[in-house]
2 protein chains.
Amino acid sequence: MSPELVTHLGYLLKHAQLQLFELTTAALEPFGLDGRQLAVLVVLGSGEPASQQEAAQRLGVDRTTMVAFVDALERKGLVERRPHTQDRRKNVVELTTTGRDTLHRASKARDAAEQEFLAPLSAPLARQLRQSLATLITPR
Amino acid sequence: MSPELVTHLGYLLKHAQLQLFELTTAALEPFGLDGRQLAVLVVLGSGEPASQQEAAQRLGVDRTTMVAFVDALERKGLVERRPHTQDRRKNVVELTTTGRDTLHRASKARDAAEQEFLAPLSAPLARQLRQSLATLITPR
DNA sequence: TATTGTTATACTCTATAACTATA
DNA sequence: TATAGTTATAGAGTATAACAATA
């Protein structure tokens with residue numbers, strides 16, 4: 001890679017994300033999940049049962065994209081759709097017992113991958129990195 | 001966005017990159033460039049005249065992808081292809097006078113966008129962020 | 001009329017395979 | 001035979017438009 005490119009923040013962020021993505025993907029592979037699907041599980045597994053559309057908004061994706069995500073997780077037996085009692089246009093998507101167990105174990109595996117990625121930094125520097133990134137993405 | 005998601009490093013990196021991307025895109029818009037095209041200009045404008053394939057390797061993209069990049073820059077009048085003197089299978093891609101000028105001014109605009117993005121951090125924290133990211137993406 | 005989920009379709013970005021010309 | 005550039009094509013990932021059911 002050209003030295004002219006590697007000094008720029010865009011390059012640093014892009015490649016940091018890329019490397020973490022690879023570590024995370026490998027860590028989740030035993031669960032038959034990728035990082036995106038785990039994020040969907042996290043959203044579906046937290047808080048009240050929500051409609052697909054609410055879940056899509058929380059993930060920042062289109063509702064049509066959500067259909068495919070839920071399809072994939074349902075094929076794996078991790079979630080189930082059922083019609084909303086009060087509003088039958090909506091689907092409530094709930095985690096199965098297997099889905100809940102997979103969520104817990106896969107989350108731990110993902111956290112371990114993050115720790116491995118951050119290993120070259122001291123604990124204070126790792127904490128500061130998180131803090132700085134959080135500051136930067138806060139709307140202003 | 002779900003609070004469960006925002007604490008993870010993958011989320012922080014992804015959204016930091018996304019916000020910087022948006023700032024950079026806006027800053028480069030007056031030059032008719034995006035961040036990717038500027039990166040291509042940087043590579044083509046540095047060092048010796050190289051073949052398209054060498055440039056592609058330095059950018060980490062396929063040579064077929066490089067064709068489209070050079071096509072776009074050539075249409076804008078920023079670069080010119082000419083056959084390599086010693087090996088006529090190769091193209092030497094050189095910046096035009098306009099291309100060189102655009103490279104300089106667009107680079108400054110991109111740097112300014114980075115500064116704007118980093119503005120919420122003190123200078124030492126911004127420096128430390130760069131340093132930590134550089135440490136993390138160093139092959140180990 | 002408006003909204004939810006769904007399907008069909010299209011668009012972006014990138015790579016793989018095949019072709020031409022040169023070596 | 002092998003390589004550089006090109007073209008055609010395909011795949012992943014996502015969105016937009018249109019439709020059926022429901023509100």
Walk along DNA chain D from 5' to 3' and tell me the first and last nucleotide with an atom closer than 4.0 Å to a non-hydrogen atom of chain A. dT14(D) to dA23(D)
Can you find a pair of side-chain heavy atoms, one from Q53(B) and one from Q57(B), that are under 4.5 Å apart? yes
Pairs where residues 23-37 of chain A contributes a residue and the test salt bridge (Lys or Arg N to Asp or Glu O under 4.0 Å) is met, not counting sequence neighbours: none
Partners passing side chain to side chain contact (heavy atoms under 4.5 Å, CB included) against T25(B) (at least two apart in sequence or in another chain): F21(B)
For DNA chain D, what residues of residues 77-88 of chain B have any heavy atom nearer than 4.0 Å? R81(B)
Mind checking what makes side chain to side chain contact (heavy atoms under 4.5 Å, CB included) contact with Q128(B), not counting sequence neighbours? L125(A), Q131(B), S132(B)
How would you summarise protein contacts on nucleotides 13-21 of chain C per nucleotide, using B for base, S for sugar-phosphate only and - for none, with heavy-atom distances below 4.0 Å? -SBBBB---
Test of understanding: with side chain to side chain contact (heavy atoms under 4.5 Å, CB included), list the residues that count as partners of K76(A), not counting sequence neighbours. L33(A), Q37(A), L78(A)
Salt bridge (Lys or Arg N to Asp or Glu O under 4.0 Å): which pairs involve residues 16-25 of chain B, sequence neighbours left out? none
So, OP1 or OP2 of dT4(C): does either fall under 4.0 Å of a side-chain N or O from Q53(A)? yes
Below 3.5 Å, can you tabulate the donor-acceptor pairs from side chains in residues 66-74 of chain B to any protein atom, sequence neighbours excluded?
unit_1: D71(B); atom_1: OD1; unit_2: R81(B); atom_2: NH1; d: 3.0
unit_1: D71(B); atom_1: OD1; unit_2: R81(B); atom_2: NH2; d: 3.0
unit_1: E74(B); atom_1: OE1; unit_2: R81(B); atom_2: NH1; d: 2.7
unit_1: E74(B); atom_1: OE2; unit_2: R81(B); atom_2: N; d: 3.2

Scan residues 119-133 of chain A for pairs that pass salt bridge (Lys or Arg N to Asp or Glu O under 4.0 Å), counting only residues two or more places apart or in two chains. E114(A)-R130(A)
Pairwise 5' ranking along DNA chain C for D71(A) and K90(A), keeping only the more 5' one: K90(A)
Under 3.5 Å, side-chain donor or acceptor atoms of residues 88-95 of chain B against the rest of the protein: list the pairs with distances, not counting sequence neighbours.
unit_1: R89(B); atom_1: NE; unit_2: D87(B); atom_2: OD1; d: 3.1
unit_1: R89(B); atom_1: NH2; unit_2: D87(B); atom_2: OD2; d: 2.9
unit_1: N91(B); atom_1: ND2; unit_2: Q52(B); atom_2: OE1; d: 3.0
unit_1: E94(B); atom_1: OE1; unit_2: R82(B); atom_2: NE; d: 3.0
unit_1: E94(B); atom_1: OE2; unit_2: R82(B); atom_2: NH2; d: 3.4

By side-chain hydrogen bond (donor to acceptor under 3.5 Å, both in side chains), which residues pair with T64(B), not counting sequence neighbours? D62(B)
